[in-house]
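Let me begin by presenting the structure, written as structure tokens, before commenting on it.
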Amino acid sequence: MPFTPSSIRHFFESQIETWPLAKENYAALTQVQIREIHLNGFDCPICIQHNPARIRSTAAKVDAASLSERPCFLCATNRPEVQVSLPIADGFEMLVNPYPILHEHYTIVSTQHQPQTLKGCWDAMNSVIDQLGDDYMVFYNGPHCGASAPDHLHIQAGRWTEVPLIKYILTNREKFAKGSSWQENSCAPLGYAICVENRNNSNFYSQFGDNDDVNVVLVHDLVIFIPRRKHRPDCFFATNDQRRLISPGTLDMCGMIIAPDKEDFDNLGAEEALSILRECGKWQQPTIHVGIVKGKQIDSTQHKDYFTLRNVTIGVNFHWQQLEDQHFKGKLRIVPEGNEKWAINDILLEDYLTSVVSSEMNAHAPLEFLKAHAIVSRSWLIAQLERKRMPPQITTKIEENTSGENSTSDNTTIIRYYDRDDHTLFDVCADDHCQRYQGMSRITEAASTAVRDTRGKVLMFGGKVVDARFSKCCGGKSELYETCWDDNPHPEFSSVADCPEDASVDFCDTHDDALLSTILNSYDVSTHDFYSWKVNYSAEEISRLVKEKSGIDVGTVTALTPLRRGASGRICLLRIEGTRRTITVGKELEIRRLLSPTHLYSSWFYPSYAEGFFTLEGRGWGHGVGMCQIGAAVMASRGYNCAQILAHYYPNARLECIYD
Ligand SMILES: [Zn+2]
Ligand SMILES: [Zn+2]
Ligand SMILES: [Zn+2]
């Protein structure tokens, strides 16, 4: 005969009365501190509970040896005599959890000592939630996903009103469990994937085998699956002040983080909390919004699995500019801007990446290079999406300090750095301003393989996806982020010598035309001077350039003095002295812009002056931060694999697969 919510409640209250330990711990729970945290970019809040009594569970050793040594605290023979049970489901009995997180917290244990599996308790979970009714949730921790007794089959139950994610799902019920497949019902209200199904017709539980890495919640008519990537976050195992005693189970993954340690409770920030949960959960493959074309009229046709845009201009401003029809996967949205319309393509990141790697890279480039590039591009893209989640930052900073007018000795300082202007209606555009994207039109087998083989893999540092920059040729030493963009420390990058261990010739010091033509767009084989180069200007030429590009007339340039260099040697602060005035300019790209009709190859140069001429002797092509494309291609051609290439250019980052 099934129990009713009130008979279960009565069982709970009588147990509390007879068991001093439980009584004390439930009384203590009413005193615990709870802090609510709002995550940037997510509607659902989370909270952190300071719960010292949970230290036994949080720090529990769950390796096979430790488990076999300790008496199982869920077996009837080892339970305290005072602990009573309720035969709530076939082969399961209900206990009051003496170390609660929820104000009414039950453990429902198998009458047999047998390993934790979802299949083994699925029927019991359904039976228990039917008896408990609408105020309760029943939940399951996979054996490696928060279960402190993975050797003894058990589930838990309690009131859901205190649990942020469950509250959020039930108050936005219409948004969830709308489709019929796992993919259709997946979403990421807290930045990691969950799947919400109708529990009465769910077959999804059967896909989890005996080593099911998942947290599961049953509530109302729903089942919520939270697939897991890790049992515990790296910070759990740290030995320094980075250590956080947080070991997420179902409740943590539902936005209720348990911190037994007061210091963690006080100091855990929103982004750190999110990182911990995302490290333990699986990410969802992002959808990228790509602005394809803008026009008065968008000529499109929807087919079964794709859509076609007619008369798309390709090769804008190139001699081969032409119109063609292009085909796209994903969805088409038409969004008005002024009196024109944008065709925006919402496409899964992996499909987008396959297309851009096909367009940007030659199919004959070494496969391991293409794979490394796919991972770098994926990391960069996800980092850009993450940046959009945060409050807007100033990415172009201009400091102009002018001291005194009409003086020849005044010194104007111009510090500018450029980051890609964010588009407002979409994430990236389809032309070279962002990355060239031509839909399904030019997919190469090589690019498909490179993307498929690295699916979901990104560079991670400190719980975040690395904003993985790359440039054409580092010139022998890679540069630090701060030299080129904002001043905030970016410890995910370091300056690397771009050479093999024997310190012989630098990887990017190559004249291999065949290889170079496979990795550089419209490579001109006569351009050999990217590794080391020399530029000569007459004093008049350089004076005119500076005036044109900076808008400041310094008179005739008399001296160029590097004031500060980055780790590679790239100048980030340069003094330009003229007969009228002196200016100081930075950073890297601004210097390159000022001293060339287009852009100097790099700001790593050594200026000299003789007989009316300035000579700039330089190294490298591009900002030099992160991967050196030419060096990476050379490494791949010499047999280094993609993991080795990435470890070389991003030695501080770790390669992780964040989604399936
Ligand atoms: Zn047991
Ligand atoms: Zn763009
Ligand atoms: Zn290099």
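Each ligand, and each atom within it, is numbered from 1 in the order the structure gives.
Between Arg442 and Glu324, at least one side-chain nitrogen of the basic residue sits less than 4.0 Å from a carboxylate oxygen of the acidic one, meeting the salt-bridge criterion. Comment: Glu590 engages Arg593 in a salt bridge, judged by a side-chain N to carboxylate O separation of less than 4.0 angstrom.
Counted by atom type alone, Gln438 and Ser359 present one or more donor-acceptor pairs between their side chains at under 3.5 Å. There is a side-chain donor-acceptor pair under 3.5 Å between Tyr606 and Trp604. Side-chain atoms of His648 and Asp498 include a donor-acceptor pair closer than 3.5 Å.
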Sequence neighbours excluded and cut-off under 3.5 Å, please list the side-chain donor-acceptor pairs for residues 636-647, or say none.
| from | atom 1 | to | atom 2 | distance (Å) |
| --- | --- | --- | --- | --- |
| Ser637 | OG | Val634 | O | 2.7 |
| Asn641 | OD1 | Ala643 | N | 3.1 |
| Asn641 | OD1 | Gln644 | N | 2.9 |
| Gln644 | OE1 | Asn641 | N | 2.8 |

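Screening residues 86-98 for salt bridge (Lys or Arg N to Asp or Glu O under 4.0 Å), with sequence neighbours left out, gives Arg79-Glu93.
Checked against the 6.0 Å centroid criterion, the rings of Phe461 and His490 do not qualify as a close aromatic pair. Aromatic pair Tyr106/Phe12: ring centres closer than 6.0 Å.
Under 2.8 Å from the Zn ion (ligand 3), one finds the following protein N/O/S atoms: Cys474 SG, Asp498 OD2, Cys508 SG, Cys628 SG. If you look at the Zn ion (ligand 1), the protein N, O or S atoms less than 2.8 Å from it are Cys72 SG, Cys75 SG, His113 ND1, His152 ND1.
Between SG of Cys434 and NE2 of His423, the angle at the Zn ion (ligand 2) works out to 100°, rounded to 10 degrees.
Counted within 6.0 Å of CZ on Arg333, heavy atoms from surrounding residues, nucleotides or ligands total more than 12; the atom is thus considered enclosed.
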